[in-house]
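Since the structure comes first, as C-alpha cells, the remarks are kept for the end.
Please read all numbers here as calculations on a predicted model, not as lab measurements. Throughout, protein chains are lettered first and strands after them, A, B, ... in sequence-line order, and every chain is numbered starting at 1.
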Amino acid sequence: MDILAGLNDAQKSAVETTRGPLLILAGAGSGKTKTLTHRIAHLLANESVWPNEILAVTFTNKAAREMRERLAQLTGQANTRGFMPWMGTFHGICVRLLRQDGDKIGIQANFVIYDEDDRQGLIKQAMKELSISSDQVKPRAVSSAISSAKNELIDPAEYAVTANYPFQQSVAKIYAKYEMMRKAAGALDFDDLLIETVRLFRESVEARNKYRTQFKHILIDEYQDTNAAQYNIVKMLVNDDHNICVVGDDWQSIYSWRGADFKNILNFERDFPGAKVVKLEQNYRSTAAILEAAHSVISKNVERTEKKLWTDAEAGAPVQVQGVYDEAEEAFAIASRINAQATIGARKYGEFAVLYRMNAQSYALERAFMQHRIPYQLVGGVRFYDRKEIKDVIAYLKLLFQPNDRMSFSRIVNVPTRGIGATSLEKFLLWQSNSGMDIISALINVEQTSTLQARAKNALAALGESLRSLQARIEAESNPSDIIEQLIESTGYRRYILDGTPQAEDREANLSVLVSDAKSFATLASFLEEVALMSSVDTASDEQKVTLMTLHAAKGLEFPVVFMVGMEDGLFPSSRALEEGPKQLEEERRLCYVGMTRAREELHLLYAQSRLQFGQRSYGSPSRFLEDMGHAVATMPSPSMQRHDDFTDFVMEYDIGDQVRSSQFGVGEIVDIDGMAVSVQFSTGVTKKLNVEYARLEKL
DNA sequence: CGGTTGCACTTTTTT
DNA sequence: AGTGCAACCG
C-alpha cells in the first residue's frame, strides 16, 4: 500500500518531513485532513513509530473520529483504541492526562466536569454567599471574565491585584469564592482542564518527563485557534527532538472571543527555530467563481499572511446574491430552491447546507422547511445533552461518581419532588459540610441532625438509600446503561416525567436514547466524559437531510450547495463587532470567508430588508461583505423587493423632526429614520421604533 | 413547601 | 418569541 499515492508535491513534502518542527499553512479545501492522516499513517507504516508515541490534537471530537476512521482505512487496521494514536481535542486529551496523573497536584481521579450551565450556577451561588446582587453584576459576564482570566493563566490572587474597576473587584471576589466551591465539589470546568494540565507539567517534573518521552510526534490541527493555555501545553510537551507538526490557516481564525490567538501560528517559526514551512495552496473543493468571491472578501483584511489559493476547477455557476423582504421570504426562497432540485432528483437533501450567524435565525428556516416538507437536521442549538430530563439524569450520575458534587446534588435533591425546599436544603448542606461526610453518606446518616423536620429527614434518607444502592452497582462495575435504568426507576424519576402532558412521551423517548447511548461505554467515568465534552457540532451527518447550522459550526465541513443567510450589517458582521472595531470586523470577515469556502459548486447569499429580532422588527442594509465581493457575484432580482419598494417611497414622506400622532402612544416627534422604521420620541418621554407600514401614524 | 403567574431579558459564535 | 426567575398565594 502506497501511502504517498494521490498526494500533490506539497502534501507529499508535508507527509515525508518527519523530523523537526513543521508548519503546514493550509488554505481552505487544500486537503489538510488528508495530509495529516497520511502523515500519521506514514509514521506508523514506514518510520516504525508506535501508535502510543503519537499525539494528534483536533478541534472537535468529530474531527478526531473522522481522522480515526480514515486512518484505519488507510492502514488496513481495525479502528480499535489499542492500535490508535492518542487523538482528541485538547480538552479530551487533558482529561485523560489529569485522570492519570492529576493526583500529583492534588486533583482526585474522580473529578467531575462542569459545563457552562454548571459554572454559571456555581457563580450564582458564590454571589449569593457574598451578597453580591445579580442585578448589577451579571453571572454571565462574570463567567466570561473568569474564563478569560483562566485562559490567560491568571489566578484569583493575581486577578485581584489588577482589578481596578468596581466590576473587576466584584469578579475578583466571586472568582476566589467560585474556585473554593468548585474544588470542594471535586469539579473542574472546561478551562480548568487546560490550565490544570499546564500546572501539572509545571509542578511535576515526573509527569512532564513521562509524556515528553512518550510522545515522539505531536500533531496539532487548527493551530490558528489555540489559546494561551493550549499553547503552553504544546510548548511543554514537545521534547528536544522537536517533532512537532502544526496545521492551520490564519485566514480561518474565528475563535478569538474564546481566547484563541492566531499569532500562535504566525510565531511558530520563532518558537521553533529551524521549522520547515509547507504551504498547501491548491484548492480541491470549490469552483473558481466561489474561490474568487471568497478571496475578494478576505483580501480586504489588513492583518493576514499573503497566500495565493488557486484551483484547476472550472468557473462554475456564479455566486448569487439575493435580496428579500424579510426572514420568512428568505426561508421560503431557500426552501423552494432546494425542493426544485431535490424533487427532480438533481440533488439529495444532504447536499445542501444553510449557514447563519446566530442560532436564533434557525426558527424561520425550520418553519419554512416544515411547510415544504423538507427533511433537515439542526447542528448545534439546544444539544440533546442539554435537555432538562437528560441533565437531571446526568446530575444523578455525576453525584454518584463524585459524592461531593453539590451542584448536581442541588439540582436533583427535589427532582422528583420530595418535599425538600430551599430551607431544608440549606440546613442539610450546612450540617453536611460540618460533618466531614460526603453528600451521600450524610444523606444516609441524616437522622443525626437536629435542625431538620422529620418529614424532610425521611425524604433525604430515602434518597440516600437509593443512591447508596446505585453506588454499589457502580462498584460492581455494572454497565452505565444498567445503572441509568435502575436509577430512573428507584428514584421515581420515570414516574415523575410521565406527568400526562403532551411532552411526556418525548421525554421518555429521550431517556431511552440516553440508555442506549450509554450501552457502548464500559465505565461510568468514560460515559460522563463523553457527555461532558461532546460538542453540539459533533452530530453525525445525514445524507437525506438539509443541514442547518451556525457559520462557526461549519468550520472544517463542505457541501455542494451552501446558502448563507442574514447577510446584513448589524447581523453579519454583528453589531457588536461593528462597535468594537477593526479587529473584530476582521474576525467577522474571516468568518464570512470560512462560510463561503464551505461551498463546492453553488453559493447563495441572501439578505433581508427587515428581520424579526427579540420579537421586534428591525431594518438593516446589505452586509458590507457583499460590497467587498463587487463584481465577483451576480445579483438576483427579487419580485417582492420591487413590491415593497413602494413602501420605501412612503417612508420618505416623513422627516426627522416631524410631529406625528399614534393612536397607541399619543403625540411625538420623529428622531430617527431607518428604512421603514421610524423612531418616535413621544411626549410621555418614551421612544419607540415603529414600522410605518403598520403603526398608522398621523402626520401633524 | 410548591405551584402558578407575570415580568424581564435575551442574542454572537463553543470546548 | 421563548425562557428563566422572582414574587405571590394556596
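- Side-chain N/O atoms of A:Asn61 include none lying less than 4.0 angstrom from OP1 or OP2 on B:dT15.
- Of the two residues near DNA chain B, A:Arg576 and A:Gly421, the one whose nearest nucleotide lies more 5' is A:Gly421.
- Taking 4.0 angstrom as the limit, A:Lys555 places none of its side-chain polar atoms (N or O) nearer than this to OP1 or OP2 of B:dT13.
- The CE atom of A:Met358 sits 14 Å away from the C1' atom of C:dG2 (whole-angstrom rounding).
- Of the candidate nucleotides B:dT15, B:dT14, B:dT11, B:dT11 has the atom lying nearest to any side-chain atom of A:Arg140.
- The CD1-P distance, from A:Ile146 to B:dT15, rounds to 21 Å in whole Å.
- The local environment of NZ in A:Lys235 is crowded, with over 12 non-hydrogen atoms from other residues, nucleotides or ligands closer than 6.0 Å.
- When heavy atoms are screened at a 4.0 angstrom cut-off, A:Ile420 is found touching the sugar-phosphate backbone but no base atom.
- Toward the 5′ end of DNA chain B lies the nearest nucleotide of A:Gly419, the other residue of the pair A:Gly419 and A:Ile254 mapping further downstream.
- Where stacking is scored as ring centres under 5.5 Å apart with planes under 30°, A:Trp257 registers as stacked on the base of B:dT13.
- Here the separation of B:dT13 from C:dG4, taken at their P atoms, is 15 Å to the nearest Å.
- At the phosphate of B:dT15, neither OP1 nor OP2 sits under 4.0 Å from any side-chain N or O atom of A:Asn151.
- Which of B:dT13, B:dT15, B:dC1 sits closest to the side chain of A:Arg455 comes down to B:dC1.
- Atom OH in A:Tyr114 sits about 20 Å away from atom C1' in B:dT14, given to the nearest Å.
- The side chain of A:Ser424 sits closest to B:dC1 out of B:dC1, B:dT15, B:dT14.
- Across the protein-nucleic acid pair, A:Gln453 atom CD and B:dG2 atom C1' stand 15 Å apart, rounded to whole Å.
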Please evaluate residues A:Asp569 and A:Arg624 with respect to the criterion salt bridge (charged side-chain N to carboxylate O under 4.0 Å, His left out), reporting the C-alpha separation (whole Å), side-chain torsions for both, the decisive distance (0.1 Å), and the verdict. CA-CA 6 Å; A:Asp569 263 22; A:Arg624 59 193 64 198; 2.8 Å; yes
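- Rounded to an integer number of Å, the gap from A:His552 NE2 to B:dT13 C1' is 4 Å.
- Considering only the side chain of A:Thr417, B:dG3 comes nearest among B:dT11, B:dG3, B:dT14.
- As a whole-Å value, the separation of A:Leu551 CG from B:dT14 C1' is 14 Å.
- Ring orientation note: the planes of A:Tyr255 and A:Trp257 are tilted relative to one another, at an angle of 30° to 60°.
- As judged by a 4.0 angstrom heavy-atom cut-off over every strand, A:Asn414 is placed among residues touching the sugar-phosphate backbone only.
- Look at A:Thr550 and you'll find a side-chain N or O under 4.0 angstrom from OP1 or OP2 of B:dT14.
- Phosphate contact (OP1/OP2 of B:dT10, side-chain N/O of A:Lys138, threshold under 4.0 Å): present.
- The ring of A:Phe409 has its center closer than 6.0 angstrom to the ring center of A:Phe428.
- Annotation: the span from A:Phe90 atom CZ to A:Ile220 atom CD1 amounts to 4.0 Å, rounded to 0.5 Å.
- Taking every side-chain heavy atom of A:Phe190 into account, B:dT15 is the closest of B:dC1, B:dT14, B:dT15.
- Using a 4.0 Å cut-off, no side-chain N or O of A:Thr60 falls inside it from OP1 or OP2 of B:dT15.
- Straight-line distance from the CG atom of A:Leu578 to the P atom of B:dT13: 16 Å, rounded to whole Å.
- Here the nucleotide nearest the side chain of A:Asn359, chosen from C:dC5, B:dT15, B:dT13, is B:dT13.
- Ring pair A:Tyr496/A:Tyr493: centre-to-centre distance below 6.0 Å.
- Rounded to an integer number of Å, the gap from CD of A:Gln120 to P of B:dC9 is 16 Å.
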